Every structure is written in C-alpha cells, then in structure tokens.
Peer 1: 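If you scroll down you'll find the structure; I have some questions about it.
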Amino acid sequence: QVDVVESGGRVVQPGDSLKLSCVVSGRSESSIGVGWFRQRPAKEREFVAAIRWSGSSAYYSRGARGRFTISHDRDKDTVYLEMNALKPEDTAVYYCATTEKELWSSLPSDYDSWGQGTQVTVSS
C-alpha cells in the first residue's frame, strides 16, 4: 500500500519562498513519478509540476515554470516543491500524488495515490 504525506505548508508573506515535501512510502516498481497539484478556494484541482523517479526530468505548468522547482531525493523517497516569489494567488492546499503513466500528464485522473494536502497561505 502506497502512503503519501505532504508537509511544509504555512502562512508566508508575498515575495517569500517556501519548500514543500512529499514522502512516498511503499511505492511499487511500476511507480514512474510524482506530481504536485494545488486547489485554490472555490477552484478545481490544478496541476503544478511532476517529476520522474528515474533521472531528474520535470514537467511544469505554465504558471509554475520559472518560479517553482520540483526535485526529489530517491534515497528518502521524497519529492520537493520549492516555490519562490510567492503571491496571494498561490494560496491553496497543495497535494502530491504518484503516477504509473509513462507520458507526462497534468490530469488528476492519471495519478493514483494522493496525500491529504498541506495548506499554503500567502498573505500580508
């Protein structure tokens, strides 16, 4: 059974940086990678970034590219999302999820095991 746990969310000010963590326990050999998503108030869940366990190639949404960086530490089964120059519109619950899809996907339905999310609030 795969267990996904996010952490690192908190209240920050506009312009601050924040690094989220996602620990994936019990992943199988068929697990290809991990994606980060977010859900802003009254909005649908949206894709942020994804990374494969093998290598370091990553895939970003248009809004995340240039400000957010996804990375992983395979020895710790952990994926990170570093966010810079945060804006109030980045306020959301951030989720990570595993995927067995070979092709990059921004669809939540292509991701299997989800965590409970971590709240990020950007406010002055």
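All values below come from the heavy atoms of this structure, side chains included, with hydrogens, waters and symmetry mates left out. Remember, predicted model here, so these are calculated numbers, not experimental data.
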Peer 1: Pick from Thr118, Val4, Thr78, Val5: which one makes a side-chain contact (heavy atoms from CB on, under 4.5 Å) with Cys22?
Peer 2: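 Result for side-chain contact (heavy atoms from CB on, under 4.5 Å) with Cys22: Val4.
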
Peer 1: Would you give the length of the straight line joining atom OG1 of Thr69 to atom CG of Asn84, rounded to the nearest 0.5 angstrom?
Peer 2: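 It comes to 6.5 Å.
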
Peer 1: Please report the closest heavy-atom contact between Ser28 and Glu100, naming both atoms and the distance.
Peer 2: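 Looking at all heavy atoms of both residues, the closest pair is OG-OE2, 4.0 Å.
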
Peer 1: Could you check if a side-chain atom of Asp90 sits within less than 4.5 angstrom of a side-chain atom of Val120, using non-hydrogen atoms only?
Peer 2: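 When only atoms from C-beta onward are counted, Val120 and Asp90 do not touch, as no gap falls below 4.5 Å.
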
Peer 1: Is the ring centre of Trp114 less than 6.0 Å from the ring centre of Phe37?
Peer 2: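 Yes, the ring of Trp114 comes within the 6.0 Å limit of the ring of Phe37, centre to centre.
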
Peer 1: Please tell me if the side chains of Val2 and Asp112 come closer than 4.5 Å, counting only heavy atoms from C-beta onward.
Peer 2: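 With C-beta onward as the side chain, the pair stays apart.
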
Peer 1: For Arg40, enumerate each residue passing the side chain to side chain donor-acceptor pair (under 3.5 Å) test, keeping only those at least two apart in sequence or located in another chain.
Peer 2: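 By the side chain to side chain donor-acceptor pair (under 3.5 Å) rule, Arg40 matches Glu46.
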
Peer 1: Going from CG on Leu86 to OG1 on Thr121, what distance comes out if it is rounded to the nearest 0.5 angstrom?
Peer 2: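 Output value for this atom pair is 11.0 Å.
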
Peer 1: Heavy-atom count check: over 12 atoms from other residues, nucleotides or ligands less than 6.0 Å from Glu44 CD?
Peer 2: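 Count not over threshold, so no.
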
Peer 1: When rounded to the nearest 0.5 angstrom, what is the spacing between NZ in Lys19 and OG in Ser7?
Peer 2: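 Those atoms lie 11.0 Å apart.
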
Peer 1: Have a look at Leu20 and tell me which of Tyr95, Phe68, Tyr94, Tyr80 forms a side-chain contact (heavy atoms from CB on, under 4.5 Å) with it.
Peer 2: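 Output: one option passes, namely Tyr94.
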
Peer 1: Does any N or O in the side chain of His72 come within less than 3.5 Å of the main-chain N or O of Gly55, such that one atom is a donor and the other an acceptor?
Peer 2: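 Confirmed, His72 side chain pairs with Gly55 backbone.
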
Peer 1: Between Val23 and Met83, is there a shared hydrophobic cluster once you connect ILVMFWY residues whose side-chain heavy atoms come closer than 4.5 Å?
Peer 2: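 The answer is no; the residues belong to distinct hydrophobic clusters.
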
Peer 1: If you look at every heavy atom in Ala92 and Arg38, which pair is closest and at what distance?
Peer 2: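 Shortest heavy-atom contact: CB-CB, 3.9 Å.
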
Peer 1: When you look at Ser113 and Arg27, which way does the side chain to side chain contact (heavy atoms under 4.5 Å, CB included) test go after all the steps?
Peer 2: CA-CA 10 Å; Ser113 299; Arg27 64 184 177 96; over 6 Å; no

Peer 1: Under the side chain to side chain contact (heavy atoms under 4.5 Å, CB included) criterion, do Ile51 and Trp36 qualify, and how do the steps go?
Peer 2: CA-CA 9 Å; Ile51 191 167; Trp36 280 99; over 6 Å; no

Peer 1: I'd like to know whether Val34 forms a side chain to side chain contact (heavy atoms under 4.5 Å, CB included) with Tyr111, so could you lay out the CA-CA distance, the side-chain angles of the two residues, the decisive distance to 0.1 Å, and finally the verdict.
Peer 2: CA-CA 8 Å; Val34 170; Tyr111 292 78; over 6 Å; no

Peer 1: Are Phe47 and Leu107 packed together at the side-chain level, in the sense that at least one heavy-atom pair is separated by less than 4.5 angstrom?
Peer 2: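 Answer no - side chains too far apart.
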
Peer 1: Which pair of heavy atoms, one from Tyr60 and one from Ala49, lies closest together, and at what distance?
Peer 2: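 Scanning both residues completely, I find the closest heavy atoms to be CD2-CB, 3.6 Å.
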
Peer 1: Ignoring hydrogens, what is the shortest heavy-atom contact between Trp53 and Val79? Give both atom names and the distance.
Peer 2: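 So the minimum-distance heavy-atom pair works out to CH2-CG2, 3.7 Å.
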
Peer 1: Do Tyr59 and Arg52 have side chains that get closer than 4.5 Å, going by heavy atoms?
Peer 2: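 Side-chain contact under 4.5 Å: no.
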
Peer 1: Hey, does Val11 have a side-chain heavy atom less than 4.5 Å from the side chain of Gln119?
Peer 2: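 No, side chains not in contact.
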
Peer 1: Nearest 0.5 Å please: distance from the CD1 atom of Ile70 over to the OG atom of Ser57.
Peer 2: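 OG of Ser57 is found 10.5 Å from CD1 of Ile70.
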
Peer 1: Looking at side-chain heavy atoms only, is the closest gap between Ile32 and Lys101 below 4.5 Å?
Peer 2: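 They are not in contact (no side-chain heavy atoms under 4.5 Å apart), so the answer is no.
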
Peer 1: Give a yes or no on whether the backbone of Glu6 and the side-chain of Gln116 come within a donor-acceptor separation of less than 3.5 Å.
Peer 2: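 Between the backbone of Glu6 and the side chain of Gln116 there is no qualifying donor-acceptor contact (under 3.5 Å).
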
Peer 1: Count I, L, V, M, F, W, Y as connected when their side-chain heavy atoms are under 4.5 Å apart, and connections chain through other members. Are Leu81 and Val12 then in the same cluster?
Peer 2: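 Yes, Leu81 and Val12 fall within the same hydrophobic cluster.
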
Peer 1: Look up atom CD in Glu102 and atom OG in Ser30, then write down how far apart they are to the nearest 0.5 Å.
Peer 2: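 Spacing of CD (Glu102) from OG (Ser30) equals 10.0 Å.
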
Peer 1: State, with a plain yes or no, whether a side-chain heavy atom of Pro14 is found less than 4.5 Å away from one of Pro88.
Peer 2: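 SC-SC contact between Pro14 and Pro88 confirmed.
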
Peer 1: For a 4.5 angstrom cut-off between non-hydrogen side-chain atoms, does Asp3 reach Gln1?
Peer 2: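 Not in contact.
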
